Structures are given as structure tokens and as C-alpha cells.
Undergrad: 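There's a structure below that I have some questions on.
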2 protein chains.
Amino acid sequence: MKWTELSDNWCPVARTLSVVGDRWTLLILRDCFLGLSRFEQFIESSGMTRHILAERLKRLVEAGILERRQYSAGPKRYDYVLTEKGQELAPALLTLKDWGKKHMPVRRATNA
Amino acid sequence: MKWTELSDNWCPVARTLSVVGDRWTLLILRDCFLGLSRFEQFIESSGMTRHILAERLKRLVEAGILERRQYSAGPKRYDYVLTEKGQELAPALLTLKDWGKKHMPVRRATNA
DNA sequence: TGCCTTAGTTCCAAAATGAAACTTATGGAG
DNA sequence: CTCCATAAGTTTCATTTTGGAACTAAGGCA
């Protein structure tokens, strides 16, 4: 079964996962909730490759979760901000955070 | 950056994703919350391949989220049940469900 | 004996990912 | 004007993961 086929699944959890059920995608959203919005910021914060980031951002925009917004007219540049639909994923991110704090202790320090 | 490196990330969301940040893994957990526990049940319910299912179940057991339990001594057979740690992922699944119900309407019927 | 069930494993082609270099468009230093 | 820097991507290619389908193991049952 292909990922995309999940978008019409009877189960709302499966449908949600068809768009955000991917490590990198959820990390991008975490970064958005932390206030980041630019390509280079996501790269630096999450450690994913530009390749994947570009692909995921495209998906998220198509899904109506992020909006691609021009923030500079000089050299035309774009960043990404949460739509209202995207904002409403906050509770999901928060439950994942809480679970992680409780059940996934840090073993050694990193700086990512 | 590799998936596993995420398990020691400073961010609790990232650490959580290092173990459940994958479509199939979350669908397995959904099935567990629906009361399923056996290999063949997960296969039928989720549509994933046996290959992937076996791999994910191993991960989830190692992570202490599921427990592999022998349920038949005749032909030795095993199934998988949520540990307490696993049970506590319920709120996360519920928020994903709520978001899906609100923002991911079904376009056409499926029978998966 | 021979077929059924159930939890896996194996094999291979196809798709996704990681790493790193390259592109495009413009601003600014000298 | 020339050259370097910034920032958002794109391209290329080797490696990894996935999907699909067949195969194995260990009994049960007729």
C-alpha cells in the first residue's frame, strides 16, 4: 500500500498520517511552532537535507498546513508560515512533547 | 542525519519521533488501541506488508511500547500488547484523530 | 499423510533518502 | 565593474528502505 492511498482511509488517524506521518514533516511543524519560518532555519534546526526539506515543504503547502509567503522583494525570497489548519496541529505536537519528556530521557547531550 | 540519531536530540518531540515517527508504526498503535494484537490482524487492518510489520513490531518491543506475549503453547504463537508506556500514547493518537476528523474529510469510500 | 493456520523470513525490483555540488537572483564591499 | 556572500531551491548519484510476493517453521486436525 502506498502512502497517498491513506488519504482516503476510513480512519481519521490514517488520513492525518497521510500528510504529517513522517519524521521530517513533524519536525518542520515543531520548528514552525518554535517561530522559525525560513528554509535555512529549518535546515539548521532539524538537520535534514535540503532535498527532503524542499519536498516536505511542497507537500505541506499543498495540504494547506503551511503557506508560502514572499518576505523579500529585492532578491525574491519566500518563507513558510502555519495556516489556521496548521495551527490546529499544536495539540498533537504538545502530546508528543509530553510523552517524550516523560518516556524518552536524554542519554547524552547533543547540540542539534 | 539518520533516524536513530534523533533519540538523543535535545527536543522531546524529536525523541518521541525517533521511535513512533513513522506512518506504519502509528497505525500499528492505532490498531492496538482498537483492541487488535496479532500479526495477521495488523496486516489485514493496516494494509502494510508483513516485512515492514515484523520490523516495526521489533522496534516497538525494543522501545518498551509493546510487549511480545505468548498466547498459545500448542503451536507457539505470540501477539503484541501495549505496555503502560505504550498506553500513554493514547492522547497523541486522539489528537491526531480529532485533527483528521476536522481537517481531512474522506473524498471517496475505501474498505481498508 | 497431507492440508490449514499463524508468525515470521527471504529475495528482488522499485522508490525514497543522504550527501554534496550546482543554480538563480540580488546585494554589497572594494 | 568585479567578486564574494546570502538564501532558496534543484540536480546527481550512491546507499537504504520499501513493496510485493513467495517461502519457512511448528504444530493442529481430519
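A note on names: the letters A, B, ... follow the listed sequences, proteins ahead of strands, and every chain is numbered from 1. Everything numeric in this text was worked out from a predicted model, so none of it was measured.
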Undergrad: I want to check one thing: is the phosphate of C:dT17, taken as OP1 and OP2, less than 4.0 Å away from some side-chain N or O of A:Arg56?
TA: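 Answer yes for this pair, as a side-chain N or O of A:Arg56 is under 4.0 Å from OP1 or OP2.
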Undergrad: Mind calculating the distance between CD1 (A:Ile43) and C1' (D:dA8) to the nearest angstrom?
TA: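 Value for this atom pair: 10 Å.
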Undergrad: Looking at residues at least two apart in the chain, or sitting in another chain, which of them share a side-chain contact (heavy atoms from CB on, under 4.5 Å) with A:Tyr78?
TA: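 A:Tyr78 satisfies side-chain contact (heavy atoms from CB on, under 4.5 Å) with A:Arg68, A:Gln70, A:Lys76 once adjacent residues are dropped.
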Undergrad: Whole-Å distance between D:dG9 P and A:Ile28 CD1?
TA: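 It works out to 12 Å between those atoms.
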Undergrad: What is the separation between atom CG on B:Asp22 and atom C1' on C:dT17, rounded to the nearest whole Å?
TA: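 Taking atom C1' of C:dT17 as the reference, CG of B:Asp22 is at 14 Å.
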Undergrad: Of all residues at least two apart in sequence or in a different chain, which pass the salt bridge (charged side-chain N to carboxylate O under 4.0 Å, His left out) check with A:Lys85?
TA: none
Undergrad: Charged N to carboxylate O under 4.0 angstrom, B:Arg56 versus B:Asp22?
TA: yes
Undergrad: Scan nucleotides 2-11 of chain C nucleotide by nucleotide, 5' to 3', and note B when protein non-hydrogen atoms come under 4.0 Å of the base, S if they reach only the sugar-phosphate, - if neither.
TA: ---BBBBBBB
Undergrad: In whole angstrom, give the distance that lies between atom CD1 of A:Ile52 and atom P of D:dT11.
TA: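 It is 15 Å, rounded to the nearest whole Å.
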Undergrad: B:Arg59 has an atom CZ; how far is it from atom P of D:dT17, in whole Å?
TA: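 In whole Å, D:dT17 P and B:Arg59 CZ are 8 Å from each other.
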Undergrad: Taking salt bridge (charged side-chain N to carboxylate O under 4.0 Å, His left out) as the definition, give me every residue that meets it alongside A:Glu55, ordered by chain and number, with sequence neighbours left out.
TA: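 Only A:Arg59 meet the salt bridge (charged side-chain N to carboxylate O under 4.0 Å, His left out) criterion with A:Glu55.
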Undergrad: Side-chain N or O of B:Trp24 versus OP1/OP2 of D:dT17: is the shortest distance under 4.0 Å?
TA: no
Undergrad: For A:Asp31, which residues count as a salt bridge (charged side-chain N to carboxylate O under 4.0 Å, His left out) partner, sequence neighbours excluded?
TA: none
Undergrad: Could you list the residues that satisfy salt bridge (charged side-chain N to carboxylate O under 4.0 Å, His left out) with B:Arg38, not counting sequence neighbours?
TA: none
